[in-house]
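Just below is one structure, and these are the notes that go with it.
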2 protein chains.
Amino acid sequence: MVKKYVTLKDIAKIAGVSVNTVSRALNNKPDISKKTKKKILKIAKELNYRKDFTASSLRRKESKIVGVILADSANPFYSEVLKGIEAASKEFGYNIILINSERDYEQEVEAVNILLSRRIDGLLLSPVQERQDDVEELIRLRIPLVIFARHFEDLPVNEVRSDDIKAGYIATSHLIERGAKKILMVNGYLHKSPARLRLTGYKQALAKYGINYSDKLLIVGDIGMEDGKKAIDEALSRGISFDGVFAYNDMLALGAMKALKEKGIRIPEEVKVVGCDDILFSAITTPSLTTVKMKKYEMGYEAFKLLIKVLRGKKRIEKKVLDVELIIREST
Amino acid sequence: MVKKYVTLKDIAKIAGVSVNTVSRALNNKPDISKKTKKKILKIAKELNYRKDFTASSLRRKESKIVGVILADSANPFYSEVLKGIEAASKEFGYNIILINSERDYEQEVEAVNILLSRRIDGLLLSPVQERQDDVEELIRLRIPLVIFARHFEDLPVNEVRSDDIKAGYIATSHLIERGAKKILMVNGYLHKSPARLRLTGYKQALAKYGINYSDKLLIVGDIGMEDGKKAIDEALSRGISFDGVFAYNDMLALGAMKALKEKGIRIPEEVKVVGCDDILFSAITTPSLTTVKMKKYEMGYEAFKLLIKVLRGKKRIEKKVLDVELIIREST
DNA sequence: ATCAAATATTGAATCGTTTAAAAGGCAACA
DNA sequence: TGTTGCCTTTTAAACGATTCAATATTTGAT
């Protein structure tokens, strides 16, 4: 087999010094003469030396790798968050290993195990929340951990997420202020904290305006575009009447709008629609979608920054909540 | 400092055997008695042993990590490709380290260097193509490499990409068949092979229908949604008349449609628009976008599979071209 | 010129796993 | 009893970088 990479030993031999000296030269350590250092750096450059991070990680017990587990990197929400994570990782000299959980608890657990085997320095996780033993285990193991886009009220774990209650509240308030009285909430599964919290916000807004909450107007399910369509079709076929829709996310909202348009129901005249997330495409549909903007890129970036703080010794648990903002467009 | 992870040595001590025996037990190697193996596995499980991949990689000279460099993981095209890569990586027992090049050659080179330092087993790269010395260097270093979504005619490098000439050809032919005669091509920069090849297809279609090619109808630039809008605004302000638009990708096409709608130009009556990629949102705009569907997920998946073949000894260079398909919608 | 102090360099061990080679144990057979 | 061969286990070295302790070299003060 061809020898592929140059080692400290190779450089040491040529420079006529010890491996140790080479190491110190390349790592800007003290206790080395300018002359020797210069010579070594020159040789290293000529040979195109690249530090073996594998060996370095083993010895230093620090991999400079952060694990990232999220539901689906192709989802417009997560792909923006991921981008923020990736950008921050560059800034702080880390690399990221990405694993999609596909919203499956088993896969999430598997991903955690693989990443621990990789000896990642820390983990950014957006848990499925079907169960939470894996998060509890991570806490028990004292793995540097930041949860994003999720909330665990009762667990001492670092978090960066959006203000989901406010999101639900301002979206619903806006619908009511525009005249809607019977507001369908097309939600995700309630084991996920954002779904629960947005529902809370929804209820709070109804209460504020003196509208009674009704279970009949709550639809819970998956959160793809087709699911939004399905939800509307189902509501209509069940004869549920509504003049507003608040969807868990923009994908659902867009699917819902599609279904409404197909039935010839006019938006916003007959039914007003509000989404959540403010993905890029919400702005360009017809009608364009009123939505609650979430700081996706920032969420990823801030989560990474918080993880770095943890890696640097921060002990106190931080649960950061990012502000949200209503973006009014044509659908209301 | 608390000792975090259990090692082979820990297990060996408890089991009363050598480290080597433990290693063989856990790696399903022969030459071990059933009794010893069982005992060791039991202890390993009790102690929650996790193999240290760092150490293993160092010794075996194989990291089971593949590097992925692409322009922008938040772009709907790349995020689908990435998903295919990620899915395949799971299937073959690898992990991926993702780095965005941000369409910047310097960042691409930097990413390559970092990944080589990480001793990745192979690299999946969608190069910026401003220059190609880095790709040439990778070939020279014999790094297992698969290029995706790009084509290097003159380099012996494995590739998986879409049939870009056909894409340009069928898109343009379709526009002509629907009656367009003056077709604006809103393209990406021509140093990128897909831009060049789609332009070739565009010209071939014009030629087939006896329409003269004109430089005036070619606009070259960045490929975000705003750029599509800008391109149309510019063409109109320059007084260039056109009745069809073929955009390099759907983002550009959607931006172009937005600009046309704002000017009160009817689609498809006055101007017909075709995009490329078939991202999710092309189907839900109004009018929905006719486009050339590309197998994005498959591209990622196939690229990974090809890389695996290379890692397993495949020597012959393969340049795989994935078929494309016209999806006719309301914009034509 | 001499000794102490400061600076530069080296040797050896280590991180945790894997591999090659050596050795130990046991049964069968002459 | 001794030899052969098979199966199991151990010993030792290796992967490449880093660190600690030890040694070598230079500098400065007297």
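Proteins get letters first, then strands, A, B, ... in listed order; numbering begins at 1 in each. Every heavy atom of this structure was used, including side-chain atoms; hydrogens, water molecules and symmetry mates were not. Predicted model, so just to flag it, every value in this text is computed and none were measured.
With a 6.0 Å radius and a threshold of 12 heavy atoms from other residues, nucleotides or ligands, Lys305(B) has its NZ atom at or below the threshold. At most 12 heavy atoms of other shown residues, nucleotides or ligands fall within 6.0 angstrom of atom NZ in Lys42(B).
Here dT19(D) presents its P atom at 6 Å from CZ of Arg60(A), a figure rounded to the nearest Å. Between the C1' atom of dA17(D) and the CZ atom of Arg50(A) lies a distance of 17 Å, rounded to the nearest Å. Rounded to whole angstrom, the span from the CG atom of Asn28(A) across to the C1' atom of dA17(D) amounts to 16 Å. In this structure, Glu62(A) places its CD atom 17 Å from C1' of dG16(C), rounding to the nearest Å. Lys13(A) has its NZ atom 17 Å from the C1' atom of dT10(C), to the nearest Å. Phe53(B) has its CZ atom 19 Å from the C1' atom of dG16(D), to the nearest Å. Across the protein-nucleic acid pair, Lys35(A) atom NZ and dT7(C) atom P stand 18 Å apart, rounded to whole Å. Rounded to whole Å, atom P of dA17(D) lies 12 Å from atom CG of Leu58(A).
Taking 4.0 angstrom as the limit, Tyr5(B) places none of its side-chain polar atoms (N or O) nearer than this to OP1 or OP2 of dT17(C). Taking 4.0 angstrom as the limit, Asn27(A) places none of its side-chain polar atoms (N or O) nearer than this to OP1 or OP2 of dA17(D). Put simply, Lys61(A) has a side-chain N or O that comes within less than 4.0 Å of OP1 or OP2 on dG16(C). OP1 or OP2 of dT19(C) has at least one side-chain nitrogen or oxygen of Lys29(B) nearer than 4.0 Å. Considering only side-chain N and O atoms, Lys51(B) lies under 4.0 angstrom from the phosphate OP1 or OP2 of dT18(C). A close approach under 4.0 Å does occur between a side-chain nitrogen or oxygen of Ser23(A) and OP1 or OP2 of dT18(D).
Salt bridge absent: Lys83(B) and Glu86(B) never bring a charged side-chain N and a carboxylate O closer than 4.0 Å.
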Going 5' to 3' through nucleotides 5-11 of chain D and flagging B where a protein heavy-atom sits under 4.0 Å of the base, S where only the sugar-phosphate is that close, and - otherwise, we get ---BBBB
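At least one cation-pi condition fails for Arg50(A) and Tyr5(A): the charged atom is not both under 6.0 angstrom from the six-membered ring centre and inside a 45 degree cone around its axis.
Among the nucleotides dG16(D), dT17(C), dT19(D), the one closest to the side chain of Tyr49(B) is dT17(C).
Rotation axes derived from the C1' atoms of the five outermost pairs at either end of the helix from dA1(C)-dT30(D) to dA30(C)-dT1(D) lie 60° apart, to the nearest 10°.
Listed by chain and number, the residues in a salt bridge (Lys or Arg N to Asp or Glu O under 4.0 Å) with Arg312(B) amount to none (sequence neighbours excluded).
A distance-only check finds no donor-acceptor pair linking the side chain of Ser79(B) to the backbone of Ser79(A) [under 3.5 Å]. The main-chain N or O of Glu108(A) is never found under 3.5 Å from a side-chain atom of Ser101(A) such that the two would form a donor-acceptor pair. Between the side chain of Asp52(A) and the backbone N or O of Thr54(A) there is at least one donor-acceptor pair closer than 3.5 Å.
Between atom CD1 of residue Ile69(A) and atom CG of residue Asp134(A) there is a gap of 8.0 Å, rounded to the nearest 0.5 Å.
By the 4.5 Å heavy-atom criterion applied to side chains, Phe53(A) and Arg119(B) are not counted as neighbours.
A donor-acceptor contact under 3.5 Å links the side chain of Arg59(A) to the base of dT18(D).
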